[in-house]
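Below is one structure, written out as structure tokens; comments come after it.
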Amino acid sequence: MVYIADNKLIREYDGERMLIEAFGENSLRVRVTRLRDFPEENWALIPQPEQNVQITLMRNEQEAETQKVNSEERIVGDGAVMENGKIRVILNKAGKLIFESREGKTLLRELECDRHSSLGIRTRELKTLSGGNFKASLKFESDPAEKLFGMGQYQNGVFNLKGSMLELAQRNSQASVPFVVSSLGYGFFWNNPAVGRASFGVNVTEWEAESTKAIDFWITAGDTPAEIHAQYMAVTGKPPMMPEHGLGFWQCKLRYQTQEELLSVAREYHRRGVPLDVIVADFFHWTLEGTWAFDPEYWPDPEGMVKELEAMGTKLMVSVWPTVSVYAPDYQYMKEMGYLVSSESGVKINMLMIDPTSFADMTHPGARKFVWGKLKENYYSKGIKDFWLDVAEPEYSSYDFENYRYNQGSVLEVGNQYPMWYTKMIYDGLTEAGEKDVVSLVRCAWAGSQRYGALVWSGDIPSTFESFKIQIVCGLQMAMAGIPWWTTDIGGFHDGDIRDPKFQELLIRWFQYGTFCPVMRLHGNRSPYKPPLSSTGGGRCASGAENEIWSYGEENYEIMKKYIELREELRPYTRRLMKEASETGAPVMRPLFYQFPEDEKAWEIKDQFLFGDKYLVAPVTEYGQRKREVYLPAGARWTEQSTGKTYEGGQTVTADAPLDVIPVFVKQ
């Protein structure tokens with residue numbers, strides 16, 4: 001039977017309960033369970049004001065009748081139609097959902113089992129697991145011509161996700177953010193932090209969760225990708241305003257081994273007159289993982305260091321890991337309090353770095369409070385307000401998700417939310433201390449992370465041209481998945497030899513691209529490596545080679561300096577983009593179709609992007625390449641930044657790209 005309660009549509013049939021409600025402008029939320037009550041978790045969704053929704057109940061395609069439901073008289077039908085602005089859902093007699101635009105165009109429809117009746121295929125499945133949860137799956141019919149974008153960050157280089165299978169799980173360099181924008185005019189969010197899978201087949205679209213209490217999804221309709229994206233941001237949250245020091249150049253390497261080494265680098269930038277907004281103290285500036293404090297032998301005066309940097313116009317960011325060494329003073333206390341991630345079997349060790357460690361359980365409110373207390377005492381009190389949240393997935397030495405459990409539930413059930421809670425710990429701590437405009441550099445994200453100031457970077461990626469190409473796609477997919485603040489390690493992370501001319505060229509091309517990313521940050525594990533300083537404390541950890549802009553020769557230095565100066569020239573424009581992101585959720589970097597949805601070719605271009613609404617950026621991604629073809633979207637006139645030549649949109653042009661030039665076109 002189907003009935004209305006509190007302006008929501010409910011269907012009960014053979015032990016399955018379905019709840020459909022208006023949730024935001026032009027949007028609906030659907031939940032399905034076999035439990036007696038619907039789970040109360042909103043997960044990434046923010047409660048919305050009540051919408052002016054229209055619901056019509058039908059019974060055998062005629063007017064519905066009044067019956068008693070739970071001792072109350074209600075109008076009861078076997079089907080219904082619900083409409084909220086530009087989206088309409090039809091719940092047919094068979095219990096299947098058909099989502100349409102206001103004009104009656106089909107957007108998405110559940111798989112009609114009677115078309116495949118001999119196969120016994122089920123559209124919705126909730127298979128009982130031991131412990132009371134379900135393994136869930138949900139199937140929709142698929143339009144082979146549909147194009148799909150978003151879903152977060154996957155290192156596969158695929159732009160149009162149609163035909164792809166994606167693991168819904170967090171790994172180093174992989175961020176699962178399960179929101180997808182369709183070229184058919186809808187956006188779909190799988191509101192479930194469980195480990196699972198999304199399959200966008202040409203015949204069937206299927207969403208799966210390994211362990212959950214309910215199927216929970218949100219769907220929206222809009223006339224343009226920008227409208228669809230904005231409606232998603234309205235229900236999952238917008239970022240705060242990026243602080244001013246997020247707009248310029250950030251210097252980082254693996255790793256400054258001492259306070260004096262870090263300060264000497266900042267002093268050299270200052271001496272050369274090169275603007276430096278942020279410099280980073282990377283991992284193992286501490287004595288042990290889980291102490292969350294500077295090793296005084298190598299970092300004797302953090303407060304003095306912060307003051308000297310501030311006087312040069314530079315902020316200090318410090319690396320924070322959620323790992324706790326078994327030798328850390330608080331390890332036993334955190335274990336007793338349940339503040340560490342549990343293992344279902346085997347030894348309770350989650351990661352091996354220098355010492356065997358366990359992860360702080362960031363889903364546990366007590367653990368977050370405890371860790372923030374350490375950060376506040378050892379960093380914030382010394383003037384440090386910017387944190388780099390590394391290993392945020394978290395990075396298990398073995399990604400056997402079924403073997404780990406959080407306070408909030410098993411990793412199979414809630415694991416994908418871990419990076420969001422990790423970021424929220426910093427955001428809550430800083431805002432409660434009176435800070436505004438919070439930004440945290442974090443290696444992973446889930447839906448909603450953006451509202452806590454998450455600046456996601458693409459993880460520990462190879463230093464290759466092939467990896468560089470993939471990162472361009474990653475940034476655009478993260479943008480469409482609702483993460484406006486995103487960046488990469490300029491030059492990649494692994495295996496870049498600073499003496500290698502091919503790597504130097506890769507670095508220059510990546511540096512040019514980084515100028516037009518939301519945040520411009522140089523980082524990497526460069527060779528030749530530096531040995532550990534000692535066998536104790538922070539001295540136990542080795543380091544990479546120099547990674548400052550003067551480390552690569554005078555010619556390369558001048559090119560990188562030129563692009564830092566360009567980034568400074570762009571500061572007012574970048575500030576405007578960050579303000580727009582904060583107010584509307586609009587991404588900073590955008591695929592071409594975001595601004596030009598009427599141009600069919602714009603939906604196919606994956607190696608160009610828009611920096612805001614004005615600059616079209618075409619990175620050079622091949623070694624030795626000195627020209628490249630650039631597609632200029634129809635509907636605008638474009639001026640080439642390096643030559644001043646103006647072109648009509650809707651055509652492909654060949655742009656010169658000497659080593660010191662990245663093709664950029666300005667929309668007139």
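Being a predicted model, the structure only gives us computed values, none of them experimental.
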Next on the checklist: Does the Lys NZ or Arg CZ of Arg171 fall within the cation-pi geometry relative to Tyr399 - under 6.0 Å from the ring centre and within 45° of the axis?
Outcome noted: yes
Checklist entry - Do Asp428 and Arg368 meet the salt-bridge criterion of a basic N to acidic O distance under 4.0 Å? => result no
Item to check | Side-chain donor-acceptor contact under 3.5 Å, Glu435 with Tyr380 | outcome: yes
Checklist entry - Asp386 versus Val278: any side-chain heavy-atom pair under 4.5 Å? => result no
Item to check | Ionic contact status for Lys385 with Asp437, cut-off 4.0 Å | outcome: no
Next on the checklist: For the residue pair Trp372 / Glu432, report whether a side-chain donor-acceptor contact shorter than 3.5 Å exists.
Outcome noted: no
Checklist entry - Hey, is the main chain of Trp292 close enough, under 3.5 Å, to the side chain of Asn378 for a donor-acceptor pair? => result yes
Checklist entry - For atom NZ of Lys86, is the number of surrounding heavy atoms from other residues, nucleotides or ligands below 6.0 Å larger than 12? => result yes
Next on the checklist: So which atom in Glu580 and which in Ala586 form the shortest heavy-atom distance, rounded to 0.1 Å?
Outcome noted: OE2-CB, 3.7 Å
Next on the checklist: Do the side chains of Asp277 and Arg571 get close enough for a salt bridge, i.e. N-O under 4.0 angstrom?
Outcome noted: yes
Item to check | Thr363 and Gln408: side chain donor to acceptor below 3.5 Å | outcome: no
Item to check | Matching residue for His523 among Phe249, Tyr256, Trp388, Phe283 - test: ring pair (Phe, Tyr, Trp, His ring centres under 6.0 Å) | outcome: Trp388
Item to check | Pair Asp216 + Arg29, salt bridge at N-O below 4.0 Å | outcome: yes
Checklist entry - Side chains of Thr220 and Gln231: is there a donor and an acceptor less than 3.5 Å apart? => result yes
Item to check | Side chain Glu41, main chain Trp43, donor-acceptor under 3.5 Å | outcome: no
Checklist outcome for this item: Here the gap from Thr431 atom OG1 to Tyr452 atom OH, rounded to the nearest 0.5 Å, amounts to 10.0 Å
